[in-house]
Every structure is written in structure tokens, then in C-alpha cells.
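Read the structure below first, then the notes.
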Amino acid sequence: MQKSKFLPRGRKDRTVVLVDIRETKSAKAADLFLQVRPGKDFEMLTILRAMIKGEHVTDDQVAETGLTTDVLQDLIERMKKAKFGVMFFGMGLSMTRGKHMNAAALLTLAAEMNAFTKFVAMPMRGHGNVTGADVIMRWQTGYPFGISFNRGYPRYNPGEFSTVDILVRGDTDCAFIIGADPGATMPRPAIEHLAKVPTIVLDPHVTHTSRLSRVHITTAPAGIAAPGTGYRMDEVPMPLRPALNSPYPSDEEVIRRIKEAIAEKPDWMTDQPQMIFSQV
Amino acid sequence: MELKVIENATCTFCGCVCDDIELHADDVRIHQAKRACVLGKAWFLNHTAEHKYPDALIDGQPATLEEAIQVAADHLYQADMPLVYGMSNTTCEAQRECVEMADLLGALLDSHTSL
Ligand code: SF4
């Protein structure tokens, strides 16, 4: 592992703490493994926040999370002693009981740790350029995801405007899917809704979602045959250097052309104002 | 067929986005992806420049790109609450187009992040 001016002994100068509901292979690579009871993330994070501030927490309350007061006290000491702490979090936090509130609790913890030392939180990313999607949406709309433009200006509300919820509730009547395959990963009711409404897919492959879609357009794979920019997980933009020339157009070109075809039609806002006003 | 070497290529398979990959490629496929991990190698070697799939499919039937673009635009325009979703395995330039399209449509816009 990288040795540096401030961490001359490399890995030995670093501490890795793994928090999970079961002991995975990563536990071997960690210095400390905390096995939290499933669905108790929010409780554990809140207790940590309380203990860091010196509030009284009973042993029973700690025991409910599957951990002990001593273990948490030791963790807090290590955290406060760190020069620069990073909390990496994944879908285990945001897809279980509590969902967005778990992530919010973790972000608050990271913010509060800055009273003692430098601390940040960073979501772990599975797919290529999800970070880029966050950055671009933040730049263009002010919000990172879960956005609705249906009043003509962007509004943000995860849970209401997040895709799984939209699809499970059956709110949308047309889906445009790019660089994703929800037909392979989403819960059944969500997939069933995608099959019911006209779905449009842009992908280098004919995917599960393409098979239940009305329109599939094959595009050049980004980074392999299409140029552009991709963001690394820590929000550093990287230029892509494609090695191949694809017989297919890039995503960028296809979306631009669809957008132009839509722009030729009358503006829905001025043309059908009753859509927004008569229903209020 | 000419063999090209691309230095410092970027892998976009996972969030690490390694940018020190050395690619050896001819016109059709990538033969070697040095310094990439197992996942990255599979990602680079599995994509080719062949015309493997039809340009577009409408209701499961092969169609031209132009037709597909028109049909897609019609569906999106006619919808009361269209959804634009995904944007992971694509470029920032394409993501920007997505935002503009969602704005134009009055659509819902969301990425993998919400999962
Ligand atoms: S080479 Fe491996 S670790 Fe690096 S971006 Fe590609 S898949 Fe991720």
C-alpha cells in the first residue's frame, strides 16, 4: 500500500474498520470487525453520535445493536485520534430498514466528527460513472438524484422521485433507460411496471430491459468505443481513451437527436397548461 | 490489420475508474488490457467493434436508428410522467444531454445512486 510523507509505514499507519451484518472476506483485511444486528444501522449510528458528544447511553441500548459499549468506546477513541477519517458506505446501508435516513445519520456523524478531526463520507460505487451522474445533476439542477421536473423546475425528494419507488407505485407512464439494466436488478413489481409502459433503452448490448422494452437503440460502449469523461468515485474527472471505432453511435449523439426530435414538437408547458393547473 | 497500443486508457467498469491501463487493440477487438483487474480485463475484452446487434429494435423488430429515435421521441413526448433513469455506464457528456432532455420533458430524473 502507498507510503507517504504523513503515513510512512503505509498500511501499518492506517486503520480499517469493517461494519457488516455478517463476517465477509473483507473482515480478514480489516483491523477491526463490528458485527451489527441487521436493521440496526440507524440505532448504531445514533448511539455513536450520542457517545461522541458524551451523552449517556445505557448498555441495554447498545446491546440492541449487537455490539458492546466497550467496542464502541474503543472505536470512538480511534476515530478521534485519526488524522483523516473516511467513512465508505454502500447499499447495505441505504437499501435496508431506514433507507435514506441511515445514510443521513452517517453523513451527520461524519459532519460531527469534524469537531475533533478531519472526516468525510463517501458512497461506494458499483458501476462505472454513477459518480459522474451525481456531479452532472448537481451542476445542472442543484440536486444529485431523485429529481422531478414536472412543475417546470427541479425538485428533489428521494423516496418520492427515486426510481424503485416510482416503478413499484406505478407512477410513470414512459421510461427512458440508459447505461443501466433495471430489468436484471430491480424488484419484480418494478420490472413488471417497466414491461407495461413504453420503455426505451440505450445500451451497447441487448439487455434484459431491452427485451421488455418498446424501443432499443444500440450505442457504442463508453470508454471502449465512445470518447468522453468519467468521474472516479472520489469525484476526480478522467478522460476516456477509446481503443475501438464502433459501428454504433454514442449515447450522447442518440440522446441529442431524441432531444431535438422532442424539441420540434409544441412545448408541453404552454400547450397543455391544464396538466399542471387544473389538477391543483 | 494494424495493432494499436493505447497508454493510460481509462476503465469505467467500476467506481475506481483506473486510468493506467495499457490496451493492445486491432480494428475489431482489444487483445490485452495490462494492469486492469480481473473485472476490468473481462470488460475490455468482451466488447468488440463488430456489428453484433441490429442498430435498433422497435417492439422487438429490427429498425433503423432514425425510426427508433422518432418513436422514442413520440413515446416520451406523449407521456404525462416520463422517467429518465440510469446514466451509470455512460459519459458525462451523455448525462448532460439526459438532464436537458428531462428538463424539456418535465420528466423524473434519477440515477443508480438512489438505490
Ligand atoms: S480495472 Fe478493475 S478496479 Fe479498475 S476500474 Fe476497471 S474494474 Fe474497476
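The chains referred to below are lettered A, B, ... by the order of the sequence lines, with proteins before strands, and numbering in each begins at 1.
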Please find the pair of heavy atoms, one from [X] and one from [Y], that lie closest to each other, and give the distance.
X       : Y       : result
R232(A) : C16(B)  : CG-O, 2.9 Å
A73(B)  : I262(A) : CB-CG1, 3.8 Å
K259(A) : E100(B) : NZ-OE1, 3.2 Å
M137(A) : V99(B)  : CG-CG2, 4.0 Å
A49(B)  : P247(A) : O-CD, 3.2 Å
D173(A) : P82(B)  : OD1-N, 3.9 Å

Checking D74(B) against K265(A) for the salt bridge (charged side-chain N to carboxylate O under 4.0 Å, His left out) test, could you report, in this order, the C-alpha distance in whole Å, the side-chain angles of both residues, the deciding distance, and whether it holds? CA-CA 9 Å; D74(B) 289 343; K265(A) 301 174 194 287; 2.5 Å; yes
Choice from [options] maximising heavy atom contacts with chain A below 4.5 Å:
options                         : value
L65(B), I58(B), D103(B), D26(B) : D103(B)
C11(B), C98(B), A107(B)         : A107(B)
P54(B), C18(B), G60(B)          : P54(B)

Need one label for [X]: side chain, backbone, both or neither, based on atoms under 4.5 Å from any heavy atom in chain A.
X      : answer
A25(B) : side chain
L23(B) : side chain
E7(B)  : backbone
D27(B) : backbone
Y53(B) : both
N8(B)  : both
E67(B) : neither

Who among [options] has the most heavy-atom pairs with chain B under 4.5 Å?
options                            : result
P204(A), P198(A), P237(A), S246(A) : P198(A)
A226(A), S148(A), A103(A)          : S148(A)
T219(A), V254(A), D234(A), I255(A) : I255(A)
G223(A), G230(A), P221(A), P144(A) : P221(A)
T131(A), I147(A), L202(A)          : I147(A)

By a 4.5 Å heavy-atom criterion (distance strictly below it), what part of [X] contacts chain B: side chain, backbone, both, or neither?
X       : result
A225(A) : neither
T141(A) : side chain
I224(A) : side chain
I177(A) : both
A220(A) : neither
P239(A) : backbone
Y143(A) : neither
Y248(A) : side chain
P227(A) : backbone

[X] vs [Y] side-chain heavy atoms within contact, under 4.5 Å:
X       : Y       : result
V215(A) : L57(B)  : no
F145(A) : M87(B)  : no
S111(B) : D134(A) : yes
V197(A) : H75(B)  : no
F149(A) : L105(B) : no
V28(B)  : L244(A) : no
Q140(A) : Q95(B)  : no
L167(A) : L83(B)  : yes

Side-chain (T172(A)) to main-chain (M81(B)) donor-acceptor, under 3.5 angstrom: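 Looks like yes, one N/O pair under 3.5 Å.
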Considering residues, nucleotides and ligands other than M101(A), do more than 12 of their heavy atoms fall under 6.0 Å from its CE? no
Could you walk me through whether Y77(B) and E264(A) satisfy the side chain to side chain contact (heavy atoms under 4.5 Å, CB included) test, starting with their C-alpha distance in whole Å, then the side-chain angles of each, then the deciding distance to 0.1 Å, before giving a yes or no? CA-CA 11 Å; Y77(B) 182 74; E264(A) 276 173 20; over 6 Å; no
Quick one: do the D110(B) and S162(A) side chains pair a donor with an acceptor below 3.5 Å? no
Can you list the steps and then say if F176(A) with M101(B) is a side chain to side chain contact (heavy atoms under 4.5 Å, CB included)? CA-CA 10 Å; F176(A) 180 87; M101(B) 186 173 77; 3.7 Å; yes
Between CD1 of I166(A) and CG of L108(B), what distance do you get to the nearest 0.5 Å? 4.0 Å
Could you tell me the separation between the CZ atom of R214(A) and the CG atom of D59(B), rounded to the nearest 0.5 Å?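 Going from the CZ atom of R214(A) to the CG atom of D59(B) covers 5.5 Å.
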Starting from the C-alpha separation in whole Å, work towards a yes-or-no answer on side chain to side chain contact (heavy atoms under 4.5 Å, CB included) for C92(B) and V135(A). CA-CA 9 Å; C92(B) 293; V135(A) 174; over 6 Å; no
E66(B)/R257(A) under salt bridge (charged side-chain N to carboxylate O under 4.0 Å, His left out): CA gap, chis, key distance, verdict: CA-CA 9 Å; E66(B) 194 45 49; R257(A) 286 173 63 182; 2.5 Å; yes
Applying the side-chain hydrogen bond (donor to acceptor under 3.5 Å, both in side chains) criterion to D251(A), which one of T90(B), T91(B), N89(B) satisfies it?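 When T90(B), T91(B), N89(B) are each tested with D251(A), the side-chain hydrogen bond (donor to acceptor under 3.5 Å, both in side chains) holds only for T90(B).
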Which of these passes side-chain contact (heavy atoms from CB on, under 4.5 Å) with I217(A): I69(B), V71(B), D55(B)? I69(B)
Take L76(B) and I200(A) through the test side chain to side chain contact (heavy atoms under 4.5 Å, CB included) and record every step on the way to the result. CA-CA 9 Å; L76(B) 286 166; I200(A) 299 139; 3.8 Å; yes
Parallel, tilted or perpendicular: which describes the rings of H47(B) and H205(A), with under 30° parallel and over 60° perpendicular? tilted
Start with the C-alpha distance between T229(A) and E93(B), add both sets of side-chain angles, then the distance that settles side-chain hydrogen bond (donor to acceptor under 3.5 Å, both in side chains), and finish with yes or no. CA-CA 7 Å; T229(A) 314; E93(B) 287 75 5; 2.8 Å; yes
